[in-house]
Amino acid sequence: MFDGVNGHSSDGQRRPAEERPHRPSAGGERQHNGHDHGPRHRAADGVLDLKTYASPYKPTWCPGCGDFGILSAIKAALVELEIWPHEVLIVSGIGCGSKLPQYLYANGFMTIHGRPLAVATGAKLANPKLHVLAVSGDGDSYGIGGNHFLHTCRRNPDITHIVENNQIYALTKGQYSPTSEPGFRTTTSPDGVFEMPVNPVAVALAAGAGFIARSFAGEPKHLKQMIMAAMQHPGYALVDVLQPCVAFNKVNTYNWYAERIYDVANDDTYDPTNPRDAWERGTEWGERIPIGILYRREGVPPYETNVSALQDGAPVERDLAKRLDPVLLEQLKRAYV
Amino acid sequence: MFDGVNGHSSDGQRRPAEERPHRPSAGGERQHNGHDHGPRHRAADGVLDLKTYASPYKPTWCPGCGDFGILSAIKAALVELEIWPHEVLIVSGIGCGSKLPQYLYANGFMTIHGRPLAVATGAKLANPKLHVLAVSGDGDSYGIGGNHFLHTCRRNPDITHIVENNQIYALTKGQYSPTSEPGFRTTTSPDGVFEMPVNPVAVALAAGAGFIARSFAGEPKHLKQMIMAAMQHPGYALVDVLQPCVAFNKVNTYNWYAERIYDVANDDTYDPTNPRDAWERGTEWGERIPIGILYRREGVPPYETNVSALQDGAPVERDLAKRLDPVLLEQLKRAYV
Amino acid sequence: MAAEGMHDDLSLSITIGGDAGQGVESSGALLTQALARGGWHVFAVPDYRSRIRGGHNFFQIRITRRPSLSHSDPVHLLLAYTRETLDVHKPNLAQGAAIIYDDGLRVDGGPLATEGFMPIPAPLTKIAEEHGAKVMINTGAVAAACGVLGFPLEPLVSLLHDTYGHKGKKVVEANEAVARAAYGWAMEHYEGRLAHELRPGRGHMAGRELMVLTGNEAFCLGAVVGGCTFVSAYPMTPATPILEWFAARERELGVVTKHAEDEIAAVCMAIGAGFVGARAMVPTSGGGFSLMTEALGMAGMCEVPVVIVNVQRGGPSTGLPTRTEQGDLLFVLHASQGELPRIVLAPGTHEQCFEAGWRAFNLAEKYQCPVIVLSDQFLAAARKSLPLDALTLDGVRIDRGALLTPSELDRLDDSYRRYAMTETGVSPRALPGHPRAVFTATTDEHGEDGHITEEIDLRVAMMDKRMRKLEGALADMRGPDLYGPADADVTLICWGSTVGPAREALPLLAGQGVTANVLHFTDIWPFPVDKAEAALAGVRRAIAVEQNYTAQFARFLRMMTGFEVDGSVRKYDGRPFSPQQIAARVLMEVGARV
Amino acid sequence: MAAEGMHDDLSLSITIGGDAGQGVESSGALLTQALARGGWHVFAVPDYRSRIRGGHNFFQIRITRRPSLSHSDPVHLLLAYTRETLDVHKPNLAQGAAIIYDDGLRVDGGPLATEGFMPIPAPLTKIAEEHGAKVMINTGAVAAACGVLGFPLEPLVSLLHDTYGHKGKKVVEANEAVARAAYGWAMEHYEGRLAHELRPGRGHMAGRELMVLTGNEAFCLGAVVGGCTFVSAYPMTPATPILEWFAARERELGVVTKHAEDEIAAVCMAIGAGFVGARAMVPTSGGGFSLMTEALGMAGMCEVPVVIVNVQRGGPSTGLPTRTEQGDLLFVLHASQGELPRIVLAPGTHEQCFEAGWRAFNLAEKYQCPVIVLSDQFLAAARKSLPLDALTLDGVRIDRGALLTPSELDRLDDSYRRYAMTETGVSPRALPGHPRAVFTATTDEHGEDGHITEEIDLRVAMMDKRMRKLEGALADMRGPDLYGPADADVTLICWGSTVGPAREALPLLAGQGVTANVLHFTDIWPFPVDKAEAALAGVRRAIAVEQNYTAQFARFLRMMTGFEVDGSVRKYDGRPFSPQQIAARVLMEVGARV
Ligand SMILES: Cc1ncc(C[n+]2csc(CCOP(=O)(O)OP(=O)(O)O)c2C)c(N)n1
Ligand SMILES: Cc1ncc(C[n+]2csc(CCOP(=O)(O)OP(=O)(O)O)c2C)c(N)n1
Ligand code: SF4
Ligand code: SF4
Ligand SMILES: [Mg+2]
Ligand SMILES: [Mg+2]
């Protein structure tokens with residue numbers, strides 16, 4: 001019997017906490033043999049490569065949409081980290097970008113607008129063995145979902161949060177978003193935006209996030225690396241991805257981003273573990289836009305490691321039959337005599 | 001006829017935008033004649049002093065609660081700024097502290113949990129002449145209301161936001177709040193809190209707030225000054241008030257705060273207009289806790305000054321009868337021919 | 001009114017189909033408007049997917065001489081932008097229907113002709129490239145359709161000038177050239193070949209002026225004349241156009257328009273604005289309405305006027321975001337914890353949307369409570385032609401209810417009691433800002449002055465006072481409208497937008513020997529029980545026609561009156577009813593021969 | 001069961017009253033538990049305000065020999081911590097009632113005696129200060145009450161040891177000393193003076209073991225045996241104790257317990273947990289439920305099991321936060337846009353709370369949908385004595401429904417279809433984590449494999465499939481329970497917690513010559529129409545007894561069955577019905593002499 005990670009294959013036995021699966025680490029031998037892995041062939045004894053993650057469905061995104069690059073990078077990162085489709089759960093919200101889980105072969109849950117982080121947190125706490133990703137747009141993550149963003153940063157569950165930040169509400173056809181820049185004209189900002197945009201890096205830093213990176217959908221390698229680093233970080237990790245929307249954002253285009261971004265990794269003086277540096281670099285936006293790992297805090301264990309109920313195994317691993325032990329009920333009742 | 005600020009006393013005439021009332025400024029002659037101003041006597045031709053703001057209702061707070069100090073400071077600030085009860089609207093949420101509007105004589109709206117900033121924003125945009133305050137607890141403002149906090153900071157309407165931060169959910173009898181410190185044991189954190197607390201100063205700064213102050217309910221003068229400065233600031237202004245809850249927070253007591261706070265105003269080297277300084281000072285919390293004006297940005301006009309619909313007067317001042325002018329409808333219909 | 005649904009024999013249906021991103025809807029809008037400018041009545045419905053590119057979309061236009069109330073099946077002219085369009089729509093084509101497609105699509109016209117259709121391979125790409133640019137292919141397609149229909153070109157040309165004027169002379173002229181060439185080609189090859197055609201001689205009303213607007217647009221116009229001064233919203237299909245409409249006219253109309261961070265903020269902003277005296281509105285769809293339920297209770301409890309527009313779409317949850325449904329009726333009637341006064345209106349036609357626009361604000365201020373307007377995607381997005389005098393100021397008034405006047409305020413000499421007990425339950429209302437009317441409000445139970453109370457008698461009296469307002473409101477609620485013969489065998493019970501196709505189904509049913517009428521409810525809550533019962537008294541056989549799964553209105557009717565329908569025709573696939581579908585399903589229900 | 005409501009003539013009511021912050025509820029809890037340890041049955045209801053200090057609170061205990069179903073009016077012994085208590089409760093005192101108060105309160109006992117009461121000024125402060133500390137005044141008061149009642153002191157002393165044990169020997173001993181002194185004082189002066197008294201000789205059941213728990217606690221126990229492994233919530237009175245109960249036992253029971261940032265997060269976390277396989281629950285009250293309505297639709301659409309407990313309180317909006325109401329029935333039945341499968345249970349007694357605890361999880365997994373448990377503040381906070389064997393594992397089972405077993409998962413050889421069409425509508429369910437069962441879910445309409453679809457047939461089939469689950473669930477829904485004589489003149493129609501006082505009202509009505517019975521509904525949705533109609537068939541005169549304004553259940557019943565009640569007894573002042581109130585109001589309704 002295959003030993004899945006969902007607990008219900010665990011023949012009623014609790015598994016000790018140490019038995020949790022390896023934290024993904026990069027590298028390792030990968031085989032590219034060109035076989036076509038259909039769903040039937042994607043069991044753990046098969047070969048893990050990009051085809052393993054191939055979905056039978058074609059994305060409905062516009063040709064040229066930045067979301068394609070994000071999809072590819074996620075797949076590539078998962079393959080490189082040697083994570084199988086059944087070991088991952090990708091939770092998204094609602095929006096163009098949030099359709100992503102539908103376009104790869106992996107467990108996915110496309111939830112409601114603004115709530116993927118909360119759903120992801122519940123899933124992670126119920127089954128910490130799953131590699132949980134939350135993926136959604138800037139409107140979803142920073143607009144309507146802003147409160148969960150704030151609190152997930154400080155809560156620090158081991159979730160990788162990938163934001164498809166196209167600075168626009170795309171699926172609803174072009175209203176301004178919390179990251180739209182001042183002056184940007186849309187149907188709901190006909191006179192141009194006059195609210196300060198959310199700087200996700202600064203807000204995440206202030207809210208207590210332990211890993212903050214920025215990347216660009218037009219730089220697939222860099223993006224893949226950021227996603228891998230985020231997944232390897234124990235705890236909440238934000239990857240804010242600059243994502244051109246070719247249909248509705250004619251300002252922040254591929255070129256616009258490409259002309260401005262620079263990788264902080266190329267700056268030897270930059271110390272991403274220093275919050276002060278991170279604040280300064282994180283708040284930089286305009287002529288120059290830093291990408292890369294902008295902040296990384298080590299040594300803070302993720303939320304779930306502190307949860308006392310998880311010390312003896314996860315909810316999905318519990319043998320519920322034990323709850324029918326009369327001794328348990330008797331003990332609980334006695335407290336009321 | 002008294003010329004109120006609600007527009008409907010404006011005999012159908014729109015008032016030019018310039019006619020908006022004075023931004024409050026401190027000082028001015030105040031008379032303390034000891035008369036007892038009942039509601040009947042509180043018209044604008046009377047005398048404005050603390051009694052003007054006296055409510056017939058006694059607070060139901062616990063004796064010693066920090067909210068008393070906040071109530072007094074708000075009244076004192078309003079009097080000193082020469083604002084009359086009918087010129088102010090105090091919007092609160094739900095919680096011990098959110099009962100405040102019930103305990104002073106002024107327009108008040110105790111809304112629902114977490115939403116006072118949104119209600120306040122609507123009121124301000126509909127009638128910019130009102131001095132709008134939002135007052136609520138840490139759970140209300142930073143917990144359930146976190147998204148409105150985030151977006152109101154960057155939106156920057158001219159609202160003064162006073163947070164009664166007792167680091168606990170008091171009205172619901174003692175659960176931990178977003179500002180509770182690590183290790184704090186409550187009924188919902190029996191093992192001690194293990195989420196990073198929200199630092200409201202840092203979050204507000206990252207979110208784009210233009211005025212950020214901290215004060216202490218045990219320092220009524222300082223608190224009054226901070227509230228006055230906040231009200232004088234054009235745009236969103238946060239006053240995070242350290243507020244001892246004598247019933248449910250036995251850790252962050254009057255003494256605990258008193259031993260730690262220091263006023264940044266006493267530090268000549270501190271420049272509250274420098275965001276970098278503000279970040280550093282704002283993130284300080286522990287042995288020493290800075291109070292005072294931690295950040296102030298000048299020259300950014302409040303949100304409502306950019307709203308095109310407000311250029312010709314406020315919604316509450318519009319002469320609705322003009323909408324029944326057939327020319328208007330004809331014009332609108334013509335666009336569809 | 002009664003004659004409105006009638007029209008002579010001419011009823012021509014056109015479908016334009018293609019991929020998302022190909023401009024199906026804009027072509028459709030162009031053709032629809034051109035037809036109306038030419039004096040024909042139109043009713044047009046878009047059908048599109050919840051995505052930006054790809055996937056089949058279409059746009060269906062019905063053309064009639066007199067006003068019609070809905071789109072109509074079979075299609076007489078298909079304008080196919082893709083080969084898929086042909087496959088999808090062939091089953092709906094009328095005998096002899098014409099099919100226009102770009103000759104570059106390499107469709108084999110032979111089999112189509114064999115099946116009795118008229119294939120029209122048109123050199124649309126070629127013409128566009130030659131006379132303008134490739135992007136103008138839709139202009140050419142629309143012009144070709146005009147040509148095939150025998151419809152004059154002038155309305156289209158004038159429309160192109162109006163539409164593209166802001167893009168500069170060059171663009172306009174190129175579009176005109178493409179249109180002329182395509183039109184010429186069509187006239188040359190197909191003039192007079194179509195059975196149903198629209199040449200002036202055939203009785204159209206060229207010269208009379210018709211507007212073409214959507215239900216959303218009609219509602220916006222109504223809201224403007226109703227004195228709306230504040231709109232806050234979070235974008236949500238199919239309500240977004242209301243937000244965008246006001247945003248585009250914010251300065252011109254002086255309506256504060258706020259795209260908020262979420263629906264909770266949107267409705268709370270509107271409540272804040274309503275509290276201080278704005279006529280405030282929040283357009284949304286079901287998912288957004290869900291997020292507003294808690295604040296709805298605040299408006300009820302604090303007696304704040306606010307208008308919430310729920311443009312329903314296919315549910316549950318995200319469901320079918322761009323499609324129609326009437327699935328939220330029982331939800332909006334009971335939304336929010338506890339019991340509060342609310343008013344619910346469900347306009348069914350474009351004219352009723354306009355009316356709901358201003359009525360909602362009057363009712364909200366008169367009864368100092370939230371008013372919910374229930375629309376749906378079908379009604380909101382359907383484009384209908386209307387004579388200019390269909391939307392007038394007749395009967396429109398601004399009634400602010402018990403709002404204290406400046407001099408009344410000045411005369412107040414006691415502590416103002418915002419929630420004073422009155423016989424009607426409506427308390428004289430002041431807006432914050434007057435020195436004699438300082439008050440607090442709270443969502444906790446409160447006394448007359450707005451201060452929190454937990455006293456039994458006061459609580460009961462306040463609850464009674466709030467709910468008593470509904471008794472007054474009942475007088476303002478209209479009973480159902482009856483369409484069709486009074487003594488019919490079958491009565492179709494409708495609410496909201498199904499009235500259009502249901503009324504159009506009546507002649508079809510009559511043609512099958514079933515005399516039927518339509519009983520249509522627009523004013524849902526407080527429910528006018530007496531008027532409803534009077535109207536139901538004569539009903540012989542009642543069939544509920546609803547765009548939902550559980551026949552919600554029928555259940556509601558039973559709850560309120562005990563009246564039980566004899567059957568129901570329900571549709572929950574996200575597509576609006578056509579008259580033909582209703583007729584067929586009603587026939588099945590009544591067991592008549594088809 | 002039928003006998004449970006019966007008890008001999010003895011029914012003694014005690015009220016303890018004082019200011020918030022004076023320990024009224026803790027005194028009440030102490031006395032209640034002591035009485036139960038002494039073998040008496042108790043039913044106790046707290047009454048407190050939404051504030052931390054100040055304002056009158058009270059606690060009412062009813063003592064009976066056999067189990068009782070509610071508290072009961074008139075009060076035989078009043079323990080007054082303030083003078084206000086006297087004023088507030090004098091109208092509710094029985095003839096000859098005893099009134100204990102601290103002699104320091106300077107109450108003039110003379111007039112009380114003249115009115116026929118027995119004033120007992122007790123030196124409580126003095127005793128507390130002398131034998132322990134002033135804070136122990138409540139211990140003394142409770143002991144004095146025991147003395148006046150002739151109730152032995154031992155149960156109280158043992159309870160003081162258990163309660164204060166963790167505070168150290170000194171505290172325990174001081175409390176015991178205070179108790180003994182106050183008891184001694186009371187025995188000395190008042191032994192045998194009270195008409196109703198509780199000395200062992202009078203038939204009490206000392207030695208048998210009784211638990212005392214609240215409805216919330218009974219529900220928690222049920223949830224534990226029902227396999228609950230995940231609780232997420234945001235504090236909200238009166239549901240907070242459920243969250244706190246699990247938080248306190250998180251480690252011990254292995255139930256992940258999360259205090260979330262708001263109710264939206266709470267329910268979404270539970271849905272995330274339920275999606276991956278936890279038995280997840282969200283306790284809240286109406287305002288929190290309002291915020292959950294959007295996510296409720298997600299659970300329905302994605303077929304995720306989740307349990308939402310709505311402990312109702314006085315509405316609308318913030319309303320009466322610490323008080324009771326049944327105002328959310330129609331709301332929870334229709335909450336969220338569109339139409340989705342849901343199950344609604346409304347337990348009425350402590351035993352039913354326990355049962356709802358485990359049933360809810362089974363139903364949620366069996367039908368893969370959200371289950372809503374409707375409780376209310378009265379039931380949630382009322383303390384009731386129960387023999388240990390009242391809550392057992394009899395009949396309790398864990399039914400995970402169509403959850404694929406490990407070997408079934410291993411044998412899957414095709415692409416797994418999470419939403420496979422089945423006759424029952426229930427699809428074999430895998431949890432994310434198995435390599436043969438990788439799938440996606442979406443809140444958009446979807447096909448069998450969970451991929452978004454907008455196709456008509458698939459949409460309709462999926463909608464049918466989801467709603468079909470309710471047909472299966474119907475078999476699990478229980479019909480109403482009938483209490484009292486089958487052939488009664490009057491039937492009280494109840495749901496949820498009103499059953500207790502309603503059943504207690506039956507003998508009172510009988511005493512007035514009205515034979516009545518109670519028809520009580522606990523399983524609300526899907527509504528067991530057949531069972532309901534069968535039960536209603538014999539009803540002569542139906543009176544709905546509901547704790548709300550609009551008689552929601554009566555309206556619901558009419559919607560579902562056409563059955564119309566003949567009248568209703570409604571209460572919406574936030575206070576629970578007493579049997580006497582129901583009896584009096586029913587008599588008015590039926591026009592009988594009182
Ligand atoms: C509660 C709710 N409100 C509104 C919507 C409508 N809606 C769908 S996607 C979207 C915004 C999309 O913007 P973003 O999250 O940035 O994603 P993008 O489409 O740009 O990838 C909105 C407002 C919704 N689905 N649910
Ligand atoms: C939607 C909603 N959820 C929960 C509650 C219950 N509730 C009332 S006050 C409160 C928290 C109070 O904490 P805080 O805002 O810090 O105010 P404090 O009482 O500490 O002054 C909560 C959770 C509510 N009223 N509404
Ligand atoms: S609209 Fe923008 S974000 Fe959406 S698919 Fe097209 S390019 Fe991508
Ligand atoms: S509980 Fe705390 S916050 Fe509330 S009134 Fe008492 S001291 Fe103040
Ligand atoms: Mg976006
Ligand atoms: Mg607090």
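Bear in mind that the values here come from a model prediction, so they are computed numbers and not experimental data. Reminder, nothing fancy here: chain letters follow the sequence lines and each chain counts from 1.
- With values rounded to the nearest 0.5 angstrom, B:Asn199 atom CG is found 11.5 Å from A:Arg154 atom CZ.
- In this structure, the portion of A:Ile144 lying under 4.5 Å from any heavy atom of chain B is its backbone and not its side chain.
- Both the backbone and the side chain of A:Val307 come within less than 4.5 Å of a heavy atom of chain B.
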**OP:** In sequence, state the C-alpha distance, the side-chain angles, and the governing distance for A:Met196 and B:Asn156, and then conclude on side-chain contact (heavy atoms from CB on, under 4.5 Å).
**Re:** CA-CA 8 Å; A:Met196 293 260 300; B:Asn156 197 34; over 6 Å; no
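- With a 4.5 Å cut-off on non-hydrogen atoms, A:Pro197 touches chain B through its backbone but not through its side chain.
- When every heavy atom of A:Tyr142 is checked against every heavy atom of B:Leu150, the shortest pair comes out as O-CD2, 4.3 Å.
- With a 4.5 angstrom heavy-atom cutoff, A:Asp191 touches chain B only via side-chain atoms.
- For the set A:Cys153, A:Gly208, A:Pro178, the entry with the most heavy-atom pairs within less than 4.5 Å of chain B is A:Pro178.
- Considering every non-hydrogen atom in both B:His151 and A:Gly143, the closest pair reads NE2-O, 3.4 Å.
- Among the candidates B:Arg276, B:Glu195, B:Glu280, B:Arg155, the residue making the largest number of heavy-atom pairs closer than 4.5 Å to chain A is B:Glu195.
- The number of heavy atoms from other shown groups lying within 6.0 Å of CD (A:Glu287) does not exceed 12.
- Ring planes of B:Tyr303 and A:Phe194: tilted class, angle from 30 to 60°.
- The heavy-atom pair separating A:Ala202 from B:Ala206 by the smallest distance is O-CB, 3.4 Å.
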